[in-house]
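Whatever order the structure lists ligands and atoms in, that order sets their numbers, starting from 1.
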Amino acid sequence: MVRQEIRDSVAVLTLSNPPVNALGADLRAALDAGLERALADEAVRAVVLAADGKVFVGGADISEFGKPPRPPLLPDVIARLDAAGKPVVAAIHGAALGGGLELALGCHARVVGPAARLGLPEVKLGLIPGAGGTQRLPRLVGPEPAFAMMLGGEPVGAQEALASGLADALEPGDLVGAACALALRLAAEGRPPRIRDRADRMDPAAREAFEARAAEALKRAPGQPNVAALVDAVRAGFDQPFDEAVKLERARFVALVDDPRSKALRYAFFAERETARVPGLPKDTPRRDIASAAVIGAGTMGGGIALCFANAGIPVTVIETEQDALDRGLARMRATYAASVKRGSLSQAAMDERLARITGAVGLARADRADIVVEAAFEEMGVKEAIFSELTRIAKPGAILATNTSYLDVDRIADSTDRPGDVLGLHFFSPANVMRLVEVVRAARTAPDALATANDLARRLGKLPVTVGVCFGFVGNRMLARRSAAGERLLLAGALPHEVDAAVTGFGFRMGPFAMSDLAGLDIGWRTRKATGGKAPIADALCEQDRLGQKTGRGFYLYPEGARTGARDPEVEALIAAESERRGIARRSFTADEIVARLMLPMVNEGARILEEGIAARPGDIDTIWLNGYNWPAWRGGPMHWADGIGLAQVAADLELFAAESGDDSLRPAPLLARLAAEGKGFSDWNAR
Ligand code: 3H9
């Protein structure tokens, strides 16, 4: 795990623990032993720490958190490194994150390569650095910049690290050679310099700057325990001796590891990576080449998808049926880029380059050269069937034929071609150029190489693909439909839109369902319901009155003079009350907790059905979809993880109650949920394969 070679009296210790050199117990022990050997060897004057692979060190091994600690502990390994009588220099060629950067900060100098990225992302896992990072980073780059770096969690690149003093040198050539040379220079100078001994950046002005930033952070994240812990730890660096402050940091870190929020965030980290393993799709499945694309439809979705291709360097032809619609679509794409240029997030040159990759065309015939065709036309089966049947004639052999449908039957769409193996769904979320999630819909006859290629392509586009099966609405929208129905039920039973929305934002969503409907436009769901025979008595009534949401100035709420936040509307509340009365429902009030349970548990129940039917491969796939496509609060880990936290016995009992109250049998616990509940298990115990 740790290789040693001697280069000109420098012991080069190379860490090798694929895939990311995470600092698990075995690697820590090997590093400790390697260091001890090097320090004891009289022929060795200095030490260099390097690493194999793409990443320098991806951090502590997150999968060890919450398990009984196995010595040597990382802070102790780093303390021994720090105390070494010979200089130790880190040679950082790739990402040094979390414990990886803390390890490098325990070294006496850092040389970085051009691809290095240095950061302390623990906050994103609901934690704080726990191996000296909160103490050494402030002493090195200043407390306020260090605090900002730990609070945001984003890594900095090599140039920035050099400018801030985080790195001592940037070496584009022989990185290890440069680190050895620096190590020998330090050895010649005498006692190795230690960050822990530095106090020059911890002056009163620096404290003032830090305190101001800390106050702002605490105000913005009230009740977020890791932010409070981070503030305390950095502050301790001013008030306490180094060793005491490190102890405080460690205690706070250890406590946070047990916090349910951190557990949920760590769960989500692994669940997201697990989605890359698609059952029945071996790693060595052949891929098809994708060098060009065509998108059918230049509307909001089609345009957004075309931008994704252009952003990723893939030439794309955008196809419309008429020149006018095409011109409008192309103008919208240009405007999206122009807005990014104006904001400063895109250069004019990059905009020009990307636009040059987009070609407009009228008529399907121009899809003939594309390696992948993504259909984003009108959401109607007849329209899709016509397009796919024509594509059979037009598309080149082996081209992947994808539909961006959000609920239609992809198997039926595949039936309209003579090459069903090439057909699959690529369900992007709106706005497609922004949202990370893509549901990759595997139809019954989708060929493995087409599916593997679609997953790879989605990653090339910077997306997070989750493979799902064919059913109405796939995973996300199928569950969302349950939440929408529950919302309507709540309104009829006595809750008001603002109460439901407040409960949902209180739960952690950025927006409540009714405010969200108003923003998206009520006609979207209305159209789908009309096409599919669905009913939503309140939303339908609002649509009939031309209350379509923000765009008409009124929906569930009122938006006077283009306001972005809605105001309660007595007319809507009266309409709801009248509908309850008409149905003979005695209205009653609900607490926020009751509202959340009534909205979310039917979704969880649908998730159980989705699992049982094999539409999603794992509970974690469902959670990844909700976290990345529907803004489910990250620290709650997704609906299935959240339900496990409540306990499935309780969830089942609640669902029985909702079913009895409403007389709606579809609310009764799904067989899988009932079985797990009876066995005292959770979704995390479920493994279909
Ligand atoms: C910490 O350090 C605490 C300390 O302050 C205190 C300790 C006392 N552990 O993302 P990828 C796995 S907290 C375990 O697809 P990439 C990952 O699950 C930690 N496993 O690769 C996946 O496994 P599989 C602070 C890890 O090239 C495989 O590696 N550090 C860890 O796209 C490949 O991962 C972080 O938060 C880990 N730390 O990106 C950084 N990291 O193949 C977390 C990765 O079996 N990691 N794995 O599914 C990352 O951000 C990215 O993985 C990284 C590489 C940028 C490093």
Inset, instruction - Note the single closest protein heavy atom to atom 28 (C) of ligand 1, along with its residue, its atom name and the distance in Å. - result: Pro19 CG, 3.4 Å

Legend entry - Shortest protein contact, atom 26 (C) of ligand 1 (heavy atom only): Val20 CG2, 4.0 Å

Inset, instruction - Can you figure out which of Pro121, Ser63, Pro75, Gly100 has its heavy atom closest to atom 36 (O) of ligand 1? - result: Pro121

Inset, instruction - Could you check atom 19 (C) of ligand 1 against the protein and tell me its nearest heavy-atom contact, residue, atom and distance included? - result: Ile62 CG1, 3.9 Å

Legend entry - Asn455 side chain to Thr467 side chain, donor-acceptor N/O pair below 3.5 angstrom: yes

Inset, instruction - Name the option, out of Ala22, Ala60, Gly59, that contains the heavy atom nearest to atom 38 (N) of ligand 1. - result: Ala60

Inset, instruction - Identify which of Arg277, Arg266, Arg28 has a heavy atom lying nearest to atom 45 (O) of ligand 1. - result: Arg277

Inset, instruction - State whether Asp623 and Arg618 are salt-bridged, where the test is any N-O pair (Lys NZ or Arg NE/NH1/NH2 against Asp/Glu carboxylate O) under 4.0 Å. - result: no

Legend entry - For atom 6 (C) of ligand 1, closest protein heavy-atom neighbour: Gly130 N, 3.6 Å

Legend entry - Option from Asp82, Ile195, Leu81, Val47 for which side-chain contact (heavy atoms from CB on, under 4.5 Å) with His108 holds: Asp82

Legend entry - Thr134-Glu249 side chain donor-acceptor pair, cut-off 3.5 Å: yes

Inset, instruction - Run the numbers for me: atoms of ligand 1, each under 4.0 Å from some heavy atom of Gly99, listed by number. - result: 1 (C), 2 (O), 4 (C), 5 (O)

Inset, instruction - Can you measure from CD1 (Ile92) to CG (Leu118) and round to the nearest 0.5 angstrom? - result: 4.5 Å

Legend entry - Carboxylate-amine/guanidinium contact Asp76 Arg28, below 4.0 Å: no

Inset, instruction - Check the angle between the aromatic planes of Phe507 and Trp632 and answer parallel, tilted or perpendicular using the 30° and 60° thresholds. - result: perpendicular

Legend entry - Close approach, Ala95 and ligand 1, non-hydrogen under 4.0 angstrom: no

Legend entry - Rounded distance (nearest 0.5 Å) linking atom CD of Glu353 with atom CG of Leu346: 9.5 Å

Inset, instruction - Nearest heavy atom to atom 5 (O) of ligand 1 wins, so pick from Lys54, Lys124, Arg459, Glu122. - result: Glu122

Legend entry - Charged N-O contact under 4.0 Å between Arg117 and Glu160: no

Inset, instruction - Would you mind checking which non-hydrogen protein atom is closest to atom 53 (C) of ligand 1, with the distance to 0.1 Å? - result: Leu97 CD1, 4.5 Å

Legend entry - Of the listed options Phe270, Phe65, Phe56, closest to atom 13 (S) of ligand 1 (non-hydrogen atoms): Phe65

Legend entry - Sub-4.0 Å protein heavy atom near atom 21 (O) of ligand 1: no

Legend entry - Gap separating the CG atom of Leu265 from the NZ atom of Lys263, nearest 0.5 angstrom: 12.5 Å

Legend entry - Residues that Phe253 engages under ring-ring contact (aromatic ring centres under 6.0 Å, His included), provided they are two or more places apart: Phe65

Inset, instruction - Tell me which one of Glu274, Glu272, Arg273 gets a heavy atom nearest to atom 15 (O) of ligand 1. - result: Arg273

Legend entry - Per-atom contacts, ligand 1 versus Phe269 - under 4.0 Å to a heavy atom: 18 (O), 41 (N), 43 (C), 44 (C), 46 (N)

Legend entry - Flag: protein heavy atom within less than 4.0 Å of atom 32 (O) of ligand 1: no

Inset, instruction - Using a 4.0 Å heavy-atom threshold (strictly under), name the region of Leu73 that reaches ligand 1: side chain, backbone, both or neither. - result: neither

Inset, instruction - Report the part of Asp61 in contact with ligand 1, treating N, CA, C, O as backbone and CB onward as side chain, heavy atoms under 4.0 Å; options are side chain, backbone, both, neither. - result: both

Legend entry - Which residue and heavy atom of the protein sit nearest atom 40 (C) of ligand 1, plus the separation: Gly58 O, 3.2 Å

Inset, instruction - For Gly98, counting its heavy atoms only, list the atoms of ligand 1 lying under 4.0 Å from any of them. - result: 2 (O), 25 (C)

Inset, instruction - Could you point out which residue of Lys247, Arg198, Arg194, Arg139 forms a side-chain contact (heavy atoms from CB on, under 4.5 Å) with Phe242? - result: Arg139

Inset, instruction - Under the side-chain contact (heavy atoms from CB on, under 4.5 Å) rule, collect the residues that match up with Ala183, sequence neighbours excluded. - result: Ala46, Val48, Val89

Legend entry - Atom indices of ligand 1 within 4.0 angstrom of Pro129 heavy atoms, with elements: 5 (O)

Inset, instruction - Would you mind running through ligand 1 and noting each atom that sits below 4.0 Å from a heavy atom of Glu102? - result: 4 (C), 5 (O), 6 (C)

Inset, instruction - Heavy-atom distances under 4.0 Å are what count here, so tell me which part of Arg250 touches ligand 1: side chain, backbone, both or neither. - result: side chain

Inset, instruction - List every atom of ligand 1 that sits less than 4.0 Å from any heavy atom of Leu125, numbering the atoms from 1 in the order shown and giving each element. - result: 36 (O)

Inset, instruction - Indicate yes or no: does Asp239 engage Arg207 in a salt bridge with an N to O separation below 4.0 Å. - result: yes

